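Report on the structure given below.
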There are 2 protein chains.
Amino acid sequence: MRIGQLAQSVGVDTQTIRFYERQGLLPPPGRQENGYRVYTEKHVERLAFIRRCRILDLSLAEIHELKRYQDDPHQSCTAVNALLDDHISHVRSQITALQALEKQLVSLRARCNDDREVKACGVLAGISEGNMHQQ
Amino acid sequence: MRIGQLAQSVGVDTQTIRFYERQGLLPPPGRQENGYRVYTEKHVERLAFIRRCRILDLSLAEIHELKRYQDDPHQSCTAVNALLDDHISHVRSQITALQALEKQLVSLRARCNDDREVKACGVLAGISEGNMHQQ
DNA sequence: TTAAAACTATATAGTCGCTATAAGGTCAAT
DNA sequence: ATTGACCTTATAGCGACTATATAGTTTTAA
Ligand SMILES: [Zn+2]
Ligand SMILES: [Zn+2]
Ligand SMILES: [Zn+2]
Ligand SMILES: [Zn+2]
């Protein structure tokens with residue numbers, strides 16, 4: 001299986017596959033005489049795993065870490081669970097931050113309901129005044 | 001006022017100030033004979049405005065756009081309000097996406113409550129199986 | 001058969017908003 | 001005279017790709 005087929009079967013750009021290889025996430029495949037990469041079913045699974053991790057917004061570093069755990073299948077999975085817990089708190093703190101931001105933006109937007117001249121715009125005034133301490 | 005004082009009074013790194021200048025966000029200041037940048041109060045205000053926009057997570061492109069509106073203070077502020085509305089929906093869709101992600105991660109985490117060997121880890125199994133259609 | 005289309009390869013630069021480093025020039029105080 | 005704090009430019013790095021350029025190979029179709 002060549003790179004294009006792998007790309008299509010997993011739903012990834014060929015560039016991304018080469019990128020993962022350079023990053024050490026995807027093991028270097030064999031090559032044909034002409035230099036073309038040749039992939040196996042293992043690569044399909046591995047790439048699909050990476051993609052599912054990315055859908056979960058795990059960083060490439062986190063995926064690397066998971067890979068290291070997979071390579072030592074008899075150790076305890078505490079670290080795997082902990083990695084996920086950490087990642088969940090990453091996501092939760094992002095949500096919290098964005099919700100605070102949304103609140104701020106909505107209250108800013110409320111300062112300009114009608115159509116004014118730019119110099120009287122409540123939104124611009126709000127930003128310029130810097131009343132951003134209401135979190 | 002030199003760059004270090006500007007930086008300190010707004011709470012920004014000097015590198016960031018030069019970066020904003022290169023990006024065309026902050027107008028190029030005057031120079032002393034030795035080449036040192038000299039800033040005025042206008043620059044302080046402008047830089048503070050940029051920073052407040054960044055706290056609202058507006059992109060530099062969006063800030064550029066706001067600047068263009070400010071430069072034409074007699075036009076209607078519809079575009080300003082629309083920019084903010086768009087940005088609010090950016091933020092809202094990020095929140096929605098992250099909440100869906102959190103749900104997925106929590107249900108994945110629930111697949112491994114106890115301490116197992118890595119090869120039996122419910123988390124890794126969950127990612128490998130790719131049961132991610134519950135959104 | 002040959003020419004075009006589709007695929008592959010590498011190398012390099014761009015995205016965004018900074019941040020860090022290197023290598024040097026300037027200035028005030030000790 | 002030298003230290004230290006400040007300033008200058010240029011360049012590279014972050015993360016996770018994405019895009020472009022240039023070139024070689026294979027497949028398809030006229
Ligand atoms: Zn994470
Ligand atoms: Zn307005
Ligand atoms: Zn936005
Ligand atoms: Zn586990």
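Predicted, not measured: the structure shown is a model, and the values here were computed from it. Per chain, numbering begins at 1; letters A, B, ... match sequence-line order.
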### Task
Could you check which residues of residues 26-38 of chain B get a heavy atom under 4.0 Å from DNA chain D? Sort them by number, please.
B/R31, B/G35, B/Y36, B/R37

### Query
What are the two closest non-hydrogen atoms of A/T14 and A/G4, and how far apart are they?
CG2-CA, 4.0 Å

### Summary
Axis-to-axis angle for the helix from C/dT1-D/dA30 to C/dT30-D/dA1, ends of five pairs each, to 10°, equals 30°

### Summary
Correct closest heavy-atom pair for B/L84 and A/L105 would be CD2-O, 3.9 Å

### Query
Can B/L60 be reached from B/V91 by stepping across I, L, V, M, F, W or Y side chains whose heavy atoms are under 4.5 Å apart?
yes

### Query
Are B/E21 and B/R37 ion-paired here, with the side-chain N under 4.0 Å from a carboxylate O?
yes

### Task
For A/H87 and A/L56, indicate whether the former's side chain and the latter's backbone hold a donor-acceptor pair under 3.5 Å.
yes

### Query
Would a distance-only check, ignoring hydrogens and angles, find a side-chain to backbone donor-acceptor pair under 3.5 Å from B/R46 to B/F49?
no

### Query
Going 5' to 3' along nucleotides 12-17 of chain D, which nucleotides have protein heavy atoms under 4.0 Å from the base (write B), which only from the sugar-phosphate (write S), and which from neither (write -)?
----BB

### Message
I'd like to know if B/R111 and B/E129 make a salt bridge, using a cut-off of under 4.0 Å between side-chain N and carboxylate O.
### Response
yes

### Query
Is A/T16 reaching over with its side chain to a backbone N or O of A/V12, donor-acceptor style, under 3.5 angstrom?
no

### Side-chain donor or acceptor of B/R52 paired with backbone N/O of A/S128 under 3.5 Å
yes

#### Entry: Nucleotides bounding contact with chain B, strand DNA chain C, heavy-atom threshold 4.0 Å
C/dG17 to C/dC27

### Task
Let me know, please, whether A/Q15 or B/Q15 comes out on the 5' side of the other along DNA chain C by nearest nucleotide.
A/Q15

### Summary
For A/D115, the salt bridge (Lys or Arg N to Asp or Glu O under 4.0 Å) test, sequence neighbours excluded, returns none

### Task
Scan side-chain atoms only and decide if B/Y20 and B/R51 contain a donor-acceptor pair under the 3.5 Å cut-off.
yes

### Task
Sequence neighbours left out, what passes side-chain contact (heavy atoms from CB on, under 4.5 Å) with A/P73? Give chain and number order.
B/K119

